[in-house]
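What follows is a short report on a single structure.
Not measured: the values here are computed from a predicted model. Just so it is clear: chains get the letters A, B, ... in the order the sequence lines come, proteins before strands, and each one is counted from 1.
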Protein chains: 2
Amino acid sequence: MKILPDKTVERLSQYRRALLICRAENKTHIFSHELAGLIHITPVQVRRDIMLIGYTGTLRKGYDVHELISLIGRIIDTEEGLRVCVVGIGDLGRAIIRYFKGKRTKLVITAAFDANPEKVKCVYSGVPCYPIDQLETVIKEQGISIAILTVPGEVAATVGQTLEKAGIKGIINYTPTPLNVSENTYLGGYDMITSLEKAAYFVKSNREM
Amino acid sequence: MKILPDKTVERLSQYRRALLICRAENKTHIFSHELAGLIHITPVQVRRDIMLIGYTGTLRKGYDVHELISLIGRIIDTEEGLRVCVVGIGDLGRAIIRYFKGKRTKLVITAAFDANPEKVKCVYSGVPCYPIDQLETVIKEQGISIAILTVPGEVAATVGQTLEKAGIKGIINYTPTPLNVSENTYLGGYDMITSLEKAAYFVKSNREM
DNA sequence: TTTGTATTGTTAGTTTATTAACAATAAAAC
DNA sequence: GTTTTATTGTTAATAAACTAACAATACAAA
């Protein structure tokens, strides 16, 4: 299949979550406008996304919940699953590990890293923490392909480089430091300060009108 | 000034952060390609954004760092500042509070809320925690206009409604539950599960090529 | 059976965001 | 003093994302 648009992939993830809830409620079929309502977008967008993944529902009956869940799984997940690590065990790193605990079976956090020797001894929500200088070894040994970066901004750039050297294929950067990675490494991320300032700007602008 | 594009606002926040570092290093002027390099975008985009905010640099000398910082401030910040609260004191809520501690003077987290009576007694990084049923009172009393939502997904929708009723003007939703708010309330947010699944999809796609 | 209705799938249009192109010009080089 | 160069500001072109429009059709109602 051709590569899907960025935003469509995001929504597929959301569709699946909503569909899993539907399935738990023994709902077997769902209309585009129902699914749209669950995540507050338009029915057209749902239909268009579903068209892009090549699925087709039945007229006047909607989409088969089971089939759609399993198709999205085949698109997003890999057969054997992917391993993920968290680099930097501050409040945020811990929050993420706990949050994911048992949530997604095809994406498992199998290792954490920190520079602080105190933390290295610990196991966080079942995830063992290794010293950061073993990054490369552990990543290669365990075949980890995605890293979640929650280290302090000052060291983010260097750690990012190490991660690439270790063969990581995707980095999610939660530090305020912009990273640059090579062509074939996926780079995602989120900056909480920027997002708050953005909110402030639009709140301010709304107020002035 | 006309309302700025979404993405431009985001970048302005990033420009300012980069510029503050430049100022700390006693750099007085900066070229578009230098600023672009710092956050890994193109010089054209920098120039275009700066054009949109109506600033103009000097040819062959670049932009005045001080002036640009202060202009971005006048655009994003409000004179008197805005107050922010964090709703839900789990690992993530604590992480956010600590993270912002003293970072931005014009945006201050002044209150936290939680349902757990144990947490209500506490002060987190200088921010007092109130019981969640005092949401409306405290928000109005303190004139809080932005809320950061880190409660469990199951209660997100109800808390969101209460926030609007309390007069909140912007919500940043860190729960996986989609929120719907009225027209004139700003809604931002981020979903860590979706972003990880998205990373997985692109890592997978890259590998297949 | 025929007509009407609800819903999908898809194409065309619109908006938003990014990138390319280039005129204008101040400073530097000669 | 003239030419070259580096850099800005802006317009035009392209790409990505979203929205509207509507043909096709299965089912329900008459």
What's the spacing between A:Arg94 CZ and B:Arg94 CZ if we round to 0.5 Å?
-> 7.5 Å
Would you call B:Arg17 and A:Asp191 a salt bridge, taking side-chain N to carboxylate O under 4.0 Å as the test?
-> yes
Residues A:Asp6 and A:Arg11 bridged, charged N to O under 4.0 Å | no
Test side-chain contact (heavy atoms from CB on, under 4.5 Å), reference A:Glu197, set B:Val9, B:Leu107, B:Leu12, B:Ile72, output is B:Leu107
Walk along DNA chain C from 5' to 3' and tell me the first and last nucleotide with an atom closer than 4.0 Å to a non-hydrogen atom of chain B.
-> C:dA17 to C:dA27
Nucleotide N/O to protein N/O under 3.5 Å, stretch nucleotides 19-21 of chain D:
from   : atom 1 : to      : atom 2 : distance (Å)
D:dT19 : O4     : A:Arg48 : NE     : 3.3

B:Tyr190 and A:Tyr190 aromatic ring geometry - parallel, tilted or perpendicular at 30°/60° bounds | parallel
Closest to the 5' end of DNA chain D, once B:Arg60 and B:Thr56 are matched to their nearest nucleotides, is B:Arg60
Taking the inter-plane angle between the rings of A:Phe202 and B:Tyr186 on a 0 to 90° scale, is it parallel (under 30°), tilted (30 to 60°) or perpendicular (over 60°)?
-> parallel
Would you kindly give the CG-to-C1' distance between A:Leu4 and D:dC18, to the nearest whole Å?
-> 16 Å
Assign each of A:Leu59 and A:Met51 the nucleotide of DNA chain C bearing its closest heavy atom; nearer the 5' end lies the nucleotide of A:Leu59
Could you state the CD1-C1' distance from A:Ile41 to D:dA17, rounded to the nearest angstrom?
-> 12 Å
Taken to the nearest 0.5 Å, the spacing of B:Ile3 CD1 from B:Leu52 CG works out to 12.5 Å
Figure out the CD1/C1' separation between B:Ile30 and D:dT7, and round it to whole Å.
-> 14 Å
Could you state the atom-to-atom distance from NE2 of A:His29 to P of D:dA26 in whole Å?
-> 15 Å
Please give, in whole Å, the distance from D:dT10 P to B:Tyr55 OH?
-> 14 Å
Charged N to carboxylate O below 4.0 Å: is that the case for B:Lys7 and B:Asp49?
-> no
With a 4.0 Å cut-off on heavy atoms, is A:Ser32 in touch with a base, just the backbone sugar-phosphate, or nothing at all?
-> sugar-phosphate
Salt bridge B:Lys106-B:Glu80, side-chain N to carboxylate O under 4.0 Å = no
